[in-house]
There are 2 protein chains.
Amino acid sequence: MRAQVLDNLRQAIIERQFAPGQRLIERELVELTGVSRTSVREALRELAAEGLVTAVPNKGTVVASVSAEEARQLYEVRSALEALAGRLFVQNASQAQHAALVRALQRIEKLAAKGAPVLAAKDAFYDVLFEGGGNDALRSVVAGLHARVSLLRWLSLSVPGRPVESIGELRAIVDAVLANDADAAARACSRHVEAAGRVGLQALAAQDGT
Amino acid sequence: MRAQVLDNLRQAIIERQFAPGQRLIERELVELTGVSRTSVREALRELAAEGLVTAVPNKGTVVASVSAEEARQLYEVRSALEALAGRLFVQNASQAQHAALVRALQRIEKLAAKGAPVLAAKDAFYDVLFEGGGNDALRSVVAGLHARVSLLRWLSLSVPGRPVESIGELRAIVDAVLANDADAAARACSRHVEAAGRVGLQALAAQDGT
DNA sequence: AGCGTCTGATCATCATACAATCTGGTCGCC
DNA sequence: GGCGACCAGATTGTATGATGATCAGACGCT
């Protein structure tokens, strides 16, 4: 199916199997994926809509690369949106969802203590957060942005010390939520994104420098 | 080209030439637009990515309809984003852009005084606002939401008295901007969206009732 | 009436073909 | 030798016809 192809390509791009800026030639993708050109084209169109590739007319599609300025803007938007997510969680989440958020944080802390990869657990944390907010539109918009900054996320998690710092920020979110303080939760979410953004931009700059 | 077809379809949907919920059959669109199935399919995929139509596998695509709950959520997100837009304008806009914002408001007021349609002028106002903020990512995200609520906008502008009220809210934005008060600008933008949302939801409820 | 089946409509995917466009290099001219 | 026109290859854009899959509803059987 096309969805399968699409997921494979998306994954490949996020995992840097295709370098940013690299041309994605339809014929090559055809023989690489085994599906027809029609399906490849439609998959590319969807990726373009997600912002993971950019299509230039009559020239082809290339893997999108985030400039420092774009990245900064994306983080700015995400900051505002995740602030809203935090606020909505405080306003709308059930008792069970509060508990689930706490559990998600504990899971992250446990993994981090072992030095295990923490990325999937963080995604779970955010799932709970958005779920509790009860705004699917918000969730899908953030998901759209998420794809575009995922390259940077890949970088920023490799920065030493960042996971520890990051968990502290998450704890601040949970604390504010448990205190039923919507404003504080919003600020905590905002700060978390901003901190991630700073690290991401630094990593980007370091990479461009080398 | 495909872009042409896409624009036509988008316009047709926004202008209610296709009723929400109506099935869009590929073959019909082929003979209606004169282009091939390939192009029609790709255009439909893009519209689906924008959220203007929903595609159900093996069943076809139907014109999207916004439920009251979805609309509420969309306005909630827009409120947060436009607050950011207002804040960024205060922080980043040039002197010339400040002046342009004032001019845009005056143009709206002049049109409204004559009872002329004010929608295009309002779009121009927002163009200036986002331009001055200097965050293209924000602009494109909002544009994406905009498409999905445009059906409601169509409704809410037909509510008597709304234009007048709306202009007052815009003036509040401009006042805050001229006072260089970023927080106030953010709040004013937020309030404007929320007010529009309330009217839109009322109009939606009234329509569903009849 | 209830149930399974069959049929028609429609989408999904594919293979192929051809035109339009871009890229890069070559050739001829100065 | 340098410069521009032109040509060939590559790639995308669009079109077309065919085939399989899937769904909704009609139909007939019990």
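Since this is a predicted model, take the numbers as computed values, not measurements. Within every chain, numbering begins at 1; the chains are lettered A, B, ... in the order of the sequence lines, protein sequences first and strands thereafter.
- Proximity of B/Glu82 to B/Leu129: side-chain heavy atoms (C-beta onward) are nowhere separated by under 4.5 Å.
- For B/Thr33, the side-chain contact (heavy atoms from CB on, under 4.5 Å) test picks out B/Val5, B/Val35, B/Val40, with sequence neighbours left out.
- Per the geometry, CD belonging to B/Glu31 stands 11 Å off P belonging to C/dT10, to the nearest Å.
- The pair B/Glu46-B/Arg2 meets the salt-bridge criterion, since a charged nitrogen lies less than 4.0 angstrom from a carboxylate oxygen.
- A/Ile25 has its CD1 atom 5 Å from the P atom of D/dT11, to the nearest Å.
- As judged by a 4.0 angstrom heavy-atom cut-off over every strand, A/Leu24 is placed among residues touching the sugar-phosphate backbone only.
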List the steps and the verdict of salt bridge (charged side-chain N to carboxylate O under 4.0 Å, His left out) for A/Arg162 and A/Glu165. CA-CA 5 Å; A/Arg162 173 65 193 149; A/Glu165 201 184 320; 3.5 Å; yes
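- Straight-line distance from the CD atom of B/Gln4 to the C1' atom of D/dG13: 16 Å, rounded to whole Å.
- Looking at A/Leu81 and A/Phe130, their side chains never come closer than 4.5 Å, going by heavy atoms from C-beta outward.
- Between A/Arg27 and D/dT11, a side-chain N or O to OP1/OP2 separation shorter than 4.0 Å is present.
- Between the A/Ser150 side chain and the A/Ala147 main chain, a donor and an acceptor come within less than 3.5 Å of each other.
- Atoms NZ (A/Lys59) and C1' (C/dA20) sit 16 Å apart, rounded to a whole Å.
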Each nucleotide of nucleotides 14-22 of chain D classed B (base within 4.0 Å of a protein heavy atom), S (only sugar-phosphate) or -, in 5' to 3' order, makes BBBBB---S
